[in-house]
Undergrad: 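Below is one structure. I have some questions about it.
Note that the structure is predicted; figures quoted are calculated from it, not measured. The basis for the numbers below is simple: all heavy atoms, side chains too, and nothing from hydrogens, waters or symmetry mates. The chains referred to below are lettered A, B, ... by the order of the sequence lines, with proteins before strands, and numbering in each begins at 1.
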Protein chains: 2
Amino acid sequence: MIPLYFKIYQQVKDDISNNVYPANSFLPSENELVAQFHTSRDTIRKALAKLDEEGLIQKRRGKGSQVISHQLRHFPISGLTSFHELKQLQKFQVVTEVPIFERITVTTGTKNITLFPVGTPLFHIVRVRIIDGIHSVIDEDYIRSDVISNLTKDIAQHSIYEYIEKSLNLSVAYAEKTITAQLITNRDRELLVGLPEEENRLIQVESQGYLADTTYFQHTIARHRPDQFQFDEFARRQTT
Amino acid sequence: MIPLYFKIYQQVKDDISNNVYPANSFLPSENELVAQFHTSRDTIRKALAKLDEEGLIQKRRGKGSQVISHQLRHFPISGLTSFHELKQLQKFQVVTEVPIFERITVTTGTKNITLFPVGTPLFHIVRVRIIDGIHSVIDEDYIRSDVISNLTKDIAQHSIYEYIEKSLNLSVAYAEKTITAQLITNRDRELLVGLPEEENRLIQVESQGYLADTTYFQHTIARHRPDQFQFDEFARRQTT
DNA sequence: GAGTGGTCTAGACCACTTG
DNA sequence: AAGTGGTCTAGACCACTCC
């Protein structure tokens, strides 16, 4: 069941992209929208709040809700969008190689790369993403195999997120990410064929993934070829 | 006037940091909080929504609101926090040099670095941030001088954001940021004294800043020494 | 003063989790 | 069946913008 406020949100969003409400124009007032959609003001406000969060509109007391003009809009990132989803949105040719696909168990001996406790059974998956012929990213995943079962190399070649959400019907709730620039290792050079010699660092996006029940289930280290890396964000100033 | 829901948000947030509600425990139910604070459920829900956004709690229907255990919590980033605020939070010794502070006007001849239209009067400010003795960041700002007036070198040495918000009483509403890795120029090497020779890229955070009335007023290009760069984010999976 | 969005209330029903 | 959070309603007052 799709909530009413969500439908209204979608409707208005569509209207914005179809220039029914062009950039810099104002949406109808909340009261007018109440009349249009035959609903309560609170429901309208929830819909507008979502648009505000996403950076599509800017609300101002006493004035109204103004459509924000877009620069960055084409890249609907931030949030937890997965690699596969992202690249699909933008017609890139992507090939995924899976040089490592194995089951391991966390031991005291293991370099403590992950935050998983000793004894946790994991999938360890390394994937190389080749975008339009360029070896661009190394994705290294550690995923709890007691939570996400029956992963296969085939699934890894497509989208693990999609499998988790659509097939297992679990939902990835949130993640903590850290972006740094790390020195290139020999293994990096082996995997990222064609990486220019003068580069000495890769851009690393490390993230911890959690399910809705707050289970920590996934640790991913994505290492990007620096000239192929871009991260976009829409940020609202905290009123805190 | 501070809204009630905001006070409740702060109260609960404090209680979380003071371990009144430890990690992984559940907050009192919304109905219980209604009784505790003698208010309506909607007000409680607004307070909890804010905590949810910030990644302090995870709400689950039928269960309750669970306190999320923190890894990354110490670094309350994401959003639009300025450099100065950030570094202050974490007791670093910061020195700021201001090698360039000038007024310019956008001309057709100008390399179109910024998105400002021709004729816009700007401050052009270059700052170098020296953190604990290490030349770490070059901040290059282009700020509309017809919007932000009376900027001085002295203000630039402290925090421009603080000046805008506290002295001009304007509010920075939102920004679009892009993170990339850019090749090092000769000017970069001159400004970032001590930058190791083997480095060939800096991490660039480019951002466009907008006021609450959607005026585009600031373009900043921050170039970070790669071994000094870190960007942390808490991201919720979009339900879109 | 009229119109806007921001806060707050009190109540209702629903979907989900747990015993 | 009882308790939880999620949605929705209808109304009130306030702070702000603009004329």
Side-chain angles (χ1 to χ4, degrees), chain A residues 1-12 21 25-53 56-68 169-171 173-174 211-215 236-240, chain B residues 1-12 21 25-53 56-68 169-171 173-174 211-215 236-240:
Chain A
M1 188 50 195
I2 296 164
L4 178 57
Y5 79 86
F6 193 85
K7 286 186 202 160
I8 295 173
Y9 151 78
Q10 285 180 315
Q11 170 74 58
V12 177
Y21 307 123
S25 71
F26 283 83
L27 297 186
S29 76
E30 295 182 351
N31 283 324
E32 285 169 327
L33 289 171
V34 162
Q36 272 184 38
F37 287 98
H38 306 290
T39 179
S40 72
R41 191 168 157 226
D42 204 55
T43 300
I44 295 295
R45 281 180 62 73
K46 268 191 205 147
L48 296 188
K50 241 180 120 58
L51 294 168
D52 188 77
E53 264 173 55
L56 289 166
I57 64 172
Q58 170 73 19
K59 309 186 82 183
R60 274 191 288 161
R61 174 159 31 188
K63 296 218 57 169
S65 298
Q66 188 169 13
V67 178
I68 288 180
N169 210 17
L170 290 168
S171 72
Y174 58 95
L211 297 175
D213 62 2
T214 76
T215 312
R236 282 201 176 272
R237 177 82 170 157
Q238 305 287 27
T239 47
T240 313
Chain B
M1 189 50 196
I2 297 164
L4 179 56
Y5 80 86
F6 193 84
K7 287 186 202 161
I8 295 173
Y9 150 78
Q10 285 180 315
Q11 170 73 60
V12 177
Y21 307 122
S25 71
F26 283 83
L27 297 185
S29 75
E30 295 182 350
N31 284 325
E32 285 169 327
L33 289 171
V34 162
Q36 272 184 39
F37 288 97
H38 306 290
T39 180
S40 72
R41 192 169 156 224
D42 203 55
T43 299
I44 294 294
R45 281 180 62 74
K46 268 190 205 149
L48 296 188
K50 240 179 121 57
L51 294 168
D52 187 76
E53 265 173 55
L56 289 166
I57 63 172
Q58 170 73 21
K59 309 186 82 183
R60 273 190 289 160
R61 174 159 30 189
K63 295 218 59 170
S65 298
Q66 189 169 11
V67 178
I68 287 180
N169 208 17
L170 290 169
S171 73
Y174 59 95
L211 298 174
D213 63 1
T214 76
T215 311
R236 282 201 176 274
R237 176 82 171 158
Q238 304 288 26
T239 46
T240 312

Undergrad: Ile2(B) has an atom CD1; how far is it from atom C1' of dC8(C), in whole Å?
TA: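 Rounding to the nearest Å, CD1 of Ile2(B) and C1' of dC8(C) are 17 Å apart.
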
Undergrad: Whether Ser40(A) contacts dG11(D) is assessed here as follows: a side-chain N or O lying under 4.0 Å from the phosphate OP1 or OP2. Is that the case?
TA: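 Negative; the distance criterion is not met.
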
Undergrad: Closest-nucleotide mapping onto DNA chain C: is Lys63(A) or Asp42(A) further toward the 5' terminus? I mean the 5' end.
TA: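 The residue mapped nearer the 5' terminus is Lys63(A).
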
Undergrad: List the steps, then state whether side chain to side chain contact (heavy atoms under 4.5 Å, CB included) holds for Leu48(A) with Leu33(A).
TA: CA-CA 10 Å; Leu48(A) 296 188; Leu33(A) 289 171; 4.2 Å; yes

Undergrad: Atom NZ of Lys59(A) and atom C1' of dG6(C): how far apart are they, to the nearest Å?
TA: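 Taking atom C1' of dG6(C) as the reference, NZ of Lys59(A) is at 8 Å.
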
Undergrad: Rounding to an integer number of Å, can you tell me how far Asp213(B) CG sits from dC16(D) C1'?
TA: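 Spelled out: CG on Asp213(B) to C1' on dC16(D) is 14 Å.
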
Undergrad: Measure from CG on Leu27(B) to P on dT4(D) and round the result to the nearest Å.
TA: 13 Å

Undergrad: Using heavy atoms to find the nearest nucleotide of DNA chain D for Gly64(B) and Pro3(A) separately, return the residue whose nucleotide is more 5′.
TA: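 The residue closer to the strand's 5' end, by nearest nucleotide, is Gly64(B).
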
Undergrad: Could you pick out which residue, Thr43(B) or Glu32(A), lies toward the 5' side of DNA chain C when each is mapped onto its nearest nucleotide?
TA: Glu32(A)

Undergrad: Distance alone, cut at 3.5 Å: any donor-acceptor contact between the side chains of Asp213(B) and Thr215(B)?
TA: yes

Undergrad: List the steps and the verdict of side chain to side chain donor-acceptor pair (under 3.5 Å) for Ser40(A) and Asp42(A).
TA: CA-CA 5 Å; Ser40(A) 72; Asp42(A) 204 55; 5.7 Å; no

Undergrad: Using whole Å, report how far CZ of Arg61(B) lies from C1' of dC16(C).
TA: 6 Å

Undergrad: Please give me the minimum heavy-atom distance between Arg60(A) and Ala212(B), naming the atom from each residue.
TA: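 Smallest heavy-atom distance, with atoms named: CD-O, 3.2 Å.
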
Undergrad: Give the rounded distance in Å between these two atoms: NZ of Lys46(B) and P of dT7(D).
TA: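 Answer to the nearest Å: 15 Å.
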
Undergrad: Could you work out which one of dC8(D), dT9(C), dG6(D) sits closest to the side chain of Leu4(A)?
TA: dC8(D)

Undergrad: Checking Gln58(B) against Lys63(B) for the side chain to side chain contact (heavy atoms under 4.5 Å, CB included) test, could you report, in this order, the C-alpha distance in whole Å, the side-chain angles of both residues, the deciding distance, and whether it holds?
TA: CA-CA 10 Å; Gln58(B) 170 73 21; Lys63(B) 295 218 59 170; over 6 Å; no

Undergrad: Between atom NE2 in His38(A) and atom C1' in dC8(D), what is the gap in whole Å?
TA: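 Distance, rounded to whole Å: 16 Å.
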
Undergrad: Are any of Thr39(B)'s side-chain N or O atoms less than 4.0 Å away from OP1 or OP2 of dT9(C)?
TA: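 For dT9(C), OP1 or OP2 has a side-chain N or O of Thr39(B) closer than 4.0 Å.
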
Undergrad: Taking only the side-chain heavy atoms of Ser29(A) (C-beta and beyond), determine which of dG5(C), dT17(D), dC8(C) contains the nearest atom.
TA: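 When the side chain of Ser29(A) is considered, dG5(C) is the closest of dG5(C), dT17(D), dC8(C).
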
Undergrad: It should be established whether Arg45(B) places a side-chain nitrogen or oxygen under 4.0 Å from OP1 or OP2 of nucleotide dG6(D).
TA: yes

Undergrad: Quick one: does Arg41(B) reach the base of dG6(D) with a side-chain donor-acceptor pair under 3.5 Å?
TA: yes

Undergrad: Could you tell me the separation between the CZ atom of Phe6(A) and the C1' atom of dC14(C), rounded to a whole number of Å?
TA: 18 Å

